[in-house]
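When reading the values below, keep in mind they use all heavy atoms of this one structure, side chains included, and skip hydrogens, waters and symmetry mates.
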Amino acid sequence: MKAGAGDSSFYNQLHCALGNTQALQRRECLQLTSSDIHCELYRAESSAAPLVVFFPGLGTYVELYAQLLASLAEQGVNLVGIDPPGHGYSSGMPGVYQPEDVQRITSQVLDELEAEFTGPKVSFGHSIGAMLALAVAEYDSRFQAVVCQTLLVTEEAPDWWHFLGWQWTWGSALWLPDWRVPLQTVLDFRQLISGHPAAELLQNDPLLVMEYPLRTLAGLFRHKAGVMRERYSFDMLLIQGEEDSVLSLNYAQRVKKQAVHNMEMITIPNEGHMLPLQSPLKLTGIVAEWLRKVL
């Protein structure tokens, strides 16, 4: 049976299975923009430490990544995660947003936080969240570093089927912008978390967005990455699971080679696409070490 959005017993079980129980005790839930956009803050000991802005992957929301964010805070960075419009606890129609919305919202969040958090600013995202993390850093010059855990760029399709799918999405969105497409046609989330202790519970989480309107998908698959044609002032890291079945290591290497902006890439053996949920502490170590090096 699917859980209700207010089912505290269900979410206690879910976060226990995810290993988030203690981590969630550290968070502060905030509304930092004029619209009802949900943010979660994890503080380091110093407000002068780097401020990392985190973006969750497609269908998910910030709360699910609590162990990753809390462990990064323990490594000496301040973390603020943003639920995009229509995701998690943010207002809006489920799954309805554009990259430009996230760029604008993120700049508003920085406006609210930069007086308190004076350290360098970093954007960090997982999966589609990595595309958004890069987009906001290209839009707002306050970001000094970008961390992408996998990265999709529409200038380079992973394969011919992706390219054809993008073409169909763009064309169909012109006529049926609100027609909803099941997430599994874009990303089989259920398969990706198969075998995780929280897999069955996640499949029953009513806060997950399991279908998207064509206008959202068209906006994502139309968005262009500036790094493919010009250089920026920020440092950039691409973290790639060697066994990623969604965006392969070969694809990541092609993106890195074709980008004009320099990307450092770290490949992680024996890890797939869902690294932030399946091995959050491993990811924490990689991100924290790299930030210490570049900031």
Side-chain angles (χ1 to χ4, degrees), residues 33-38 55-61 82-108 123 125-140 146 148 150-192 206-230 245-248 251-252 254-255 258-261 273:
T33 68
S34 56
S35 55
D36 190 10
I37 298 298
H38 177 81
F55 302 92
L58 200 66
T60 64
Y61 54 101
I82 301 176
D83 282 340
H87 288 73
Y89 299 101
S90 286
S91 65
M93 295 293 292
V96 177
Y97 73 97
Q98 295 293 305
E100 294 78 12
D101 298 327
V102 178
Q103 290 173 324
R104 173 180 50 79
I105 288 165
T106 304
S107 289
Q108 291 175 359
S123 61
H126 163 60
S127 192
I128 284 296
M131 175 191 282
L132 298 175
L134 179 56
V136 301
E138 293 174 346
Y139 175 80
D140 193 318
V146 180
C148 297
T150 75
L151 178 62
L152 177 70
V153 297
T154 60
E155 291 86 348
E156 177 69 20
D159 51 46
W160 184 245
W161 293 110
H162 276 81
F163 178 75
L164 290 177
W166 293 348
Q167 295 287 330
W168 177 86
T169 301
W170 300 334
S172 300
L174 294 174
W175 302 100
L176 297 166
D178 296 318
W179 189 47
R180 291 189 165 266
V181 178
L183 178 61
Q184 65 184 16
T185 66
V186 180
L187 180 76
D188 193 345
F189 180 76
R190 291 185 172 93
Q191 179 61 36
L192 291 174
L207 288 177
L208 288 177
V209 176
M210 299 308 294
E211 56 182 25
Y212 279 84
L214 279 171
R215 57 175 155 155
T216 297
L217 297 177
L220 290 169
F221 299 149
R222 246 192 335 253
H223 178 77
K224 300 300 181 184
V227 295
M228 302 305 288
R229 59 184 181 273
E230 63 180 289
S245 59
V246 178
L247 296 172
S248 69
Y251 175 72
R254 281 159 46 204
V255 169
Q258 294 185 27
V260 172
H261 184 82
H273 192 74

Note: T154 and M131 closest approach over all heavy atoms is CG2-CE, 4.4 Å
Shortest non-hydrogen contact between D83 and P56, atoms and distance: OD1-CG, 4.5 Å
Stepwise, does the side chain to side chain contact (heavy atoms under 4.5 Å, CB included) test hold for S90 with I82? CA-CA 9 Å; S90 286; I82 301 176; 5.8 Å; no
If you define the side chain from C-beta out and look only at heavy atoms, does anything of V136 sit under 4.5 Å from F55? yes
Taking salt bridge (Lys or Arg N to Asp or Glu O under 4.0 Å) as the test, write out the residues that go with E211, two or more places apart. none
Could you tell me whether a side-chain N or O of S127 sits under 3.5 Å from a main-chain N or O of L58, the two making a donor and an acceptor? no
For L152 and Y251 the tightest heavy-atom approach is CD1-OH, 3.5 Å
Are there over 12 heavy-atom neighbours, none belonging to W168, within less than 6.0 Å of that residue's CH2? yes
Partners of D36 by salt bridge (Lys or Arg N to Asp or Glu O under 4.0 Å), sequence neighbours excluded? none
Between H126 and H273, is a side chain to side chain contact (heavy atoms under 4.5 Å, CB included) present by the stated rule, with each step listed? CA-CA 9 Å; H126 163 60; H273 192 74; 4.1 Å; yes
Shortest non-hydrogen pair, Y212 vs T216, comes out as CD2-CG2, 3.8 Å
Exercise: identify the closest heavy-atom pair between G219 and Q98: CA-OE1, 3.1 Å
Verify, without hydrogens or angle tests, whether T169 (side chain) and A218 (backbone) share a donor-acceptor contact under 3.5 angstrom. no
Output all residues satisfying salt bridge (Lys or Arg N to Asp or Glu O under 4.0 Å) with R254, sequence neighbours left out; order by chain, then residue number. E156
Under 6.0 Å between the ring centres of W166 and F163? no
Looking at E138 and A225, would you say the former's side chain and the latter's main chain have a donor-acceptor pair under 3.5 Å? no
Check: V209 main-chain N/O paired with Y61 side-chain donor or acceptor under 3.5 Å: no
Within the side chain of H87, is there an N or O that forms a donor-acceptor pair under 3.5 Å with the backbone of P85? yes
Within the structure provided, determine whether R180 and P94 are in side-chain contact (heavy-atom separation under 4.5 Å). yes
With distance as the sole test, does D140 use its side chain to make a donor-acceptor pair with the main-chain N or O of S107 at under 3.5 Å? no
If every non-hydrogen atom of A137 is compared with every non-hydrogen atom of V146, which pair is closest and at what distance? CB-CG2, 3.3 Å
Are the side chains of V181 and L214 in contact, using a 4.5 Å heavy-atom criterion? yes
